[in-house]
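Source: prediction; values computed, not measured.
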Amino acid sequence: MAAEPTSGFPIEESQVVESKDGTISVASAFAGHQEAVQDRDHKFLLKAVEEAYHGVDCGDGGPFGAVVVRNGEVVVSCHNMVLKHADPTAHAEVTAIREACKILGKIRLSDCEIYASCEPCPMCFGAIYLSKLKRLVYGAKAEAAIAIGFDDFIADALRGTGHYQKAHLEVIRADGNGAVIAEQVFEKTKEKFRMY
């Protein structure tokens, strides 16, 4: 099926790709635009990979890097800081989001993109989602990190192939009065606290 020309730009045929789960995506009809996006993605992804190397070289943490970009400009470029800060949550993506929020003075990064050297873990994906970043581009699959000893919980959780019980952690929801008191916090503060 040939695409109709619009706005005077030459358009090539669109490529429709159907995945195993039945979702459908349509490749950009503007070949030049697609190449420009790929070049831009490649440039920022390479910066994230450079950060991953830098983090290991200086002993700050594991081989992970992340870059937050706004309007084609780097806002911040960070690497894993888990060892440096003795903080298991100081992953590259979380660190980059924290720094970008400080620099831009806001908690909603909906006009930004994030480039990660590796597929994000569930915590990092949660941070990406909560910060409302509009786009995530990652390089290596989680299996590359697993191959050198990082926890397979990352890939299992992302793909729904594992259970939280695999982690050496017991997860229990409180019952009785404790649960009621905890739930009341939301009702009692809803007039004082607005998310956005």
Side-chain angles (χ1 to χ4, degrees), residues 21 23 44 48 51-52 55 60-71 73-143 145-146 149-196:
D21 65 0
T23 57
F44 293 128
E51 277 291 338
D60 288 345
F64 303 95
V67 177
V68 173
V69 174
R70 181 180 183 211
N71 299 325
E73 299 292 325
V74 173
V75 174
V76 69
S77 181
C78 296
H79 54 263
N80 183 290
M81 302 288 276
V82 167
L83 298 177
K84 181 173 184 171
H85 296 312
D87 177 359
T89 69
H91 290 196
E93 298 92 333
V94 171
T95 302
I97 290 167
R98 288 174 180 161
E99 293 302 314
C101 288
K102 286 179 196 172
I103 290 167
L104 298 173
K106 59 185 184 173
I107 62 171
R108 195 175 180 138
L109 302 175
S110 56
D111 57 347
C112 298
E113 304 165 282
I114 191 165
Y115 292 81
S117 62
C118 185
E119 186 174 13
C121 74
M123 176 186 69
C124 292
F125 185 80
I128 290 165
Y129 178 82
L130 290 173
S131 64
K132 308 296 186 203
L133 281 152
K134 68 179 179 180
R135 191 163 177 261
L136 159 67
V137 178
Y138 69 87
K141 292 185 69 95
E143 285 79 4
I146 293 164
F150 286 89
D151 199 336
D152 64 352
F153 166 75
I154 296 171
D156 284 346
L158 286 170
R159 296 184 181 92
T161 56
H163 302 281
Y164 287 98
Q165 290 78 3
K166 282 183 71 177
H168 44 280
L169 170 70
E170 184 179 8
V171 179
I172 299 172
R173 182 182 182 268
D175 56 9
N177 201 34
V180 172
I181 291 169
E183 288 177 357
Q184 287 174 346
V185 169
F186 299 101
E187 185 61 32
K188 290 181 178 182
T189 62
K190 68 181 180 184
E191 294 305 317
K192 294 178 183 176
F193 182 78
R194 298 268 184 222
M195 276 301 291
Y196 302 107

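Interatomic distance, His91 NE2 to Ile97 CD1, rounded to the nearest 0.5 Å: 12.0 Å. Taking CD1 from Ile114 and CG from Leu133, the interatomic distance works out to 5.5 Å, rounded to the nearest 0.5 Å. For the atom pair Arg108 CZ and Cys101 SG, the distance stands at 12.0 Å (nearest 0.5 Å). Rounded to the nearest 0.5 Å, atoms CD (Glu73) and CZ (Phe44) are 7.0 Å apart.
Partners of Lys106 by salt bridge (charged side-chain N to carboxylate O under 4.0 Å, His left out), not counting sequence neighbours, listed by chain and number: Asp111. For Ala100, the side chain to side chain contact (heavy atoms under 4.5 Å, CB included) partners are Val68, Val75, Val76, Leu109, not counting sequence neighbours. Residues that satisfy the salt bridge (charged side-chain N to carboxylate O under 4.0 Å, His left out) test with Arg135, not counting sequence neighbours, are Asp41, Glu113.
Minimum interatomic distance between Gly65 and Ala52 (heavy atoms only, all atoms of both residues): N-CB, 3.7 Å. Scanning both residues, Ala145 and Cys118, for their nearest heavy atoms gives CB-SG, 4.3 Å. Contact detail for Ala48 and Tyr115: the closest heavy-atom pair is CB-O, 3.7 Å.
When side chains are defined from C-beta on, Lys134 does not count as touching Ser110, because their heavy atoms never get closer than 4.5 Å. The shortest side-chain heavy-atom distance between Cys112 and Leu104 falls under the 4.5 Å cut-off.
The backbone N or O of Val82 sits less than 3.5 Å from a side-chain atom of Asn80, completing a donor-acceptor pair.
Every pair passing salt bridge (charged side-chain N to carboxylate O under 4.0 Å, His left out) that includes a residue from residues 79-100 is listed here, sequence neighbours excluded: Asp87-Arg98, Glu99-Lys102.
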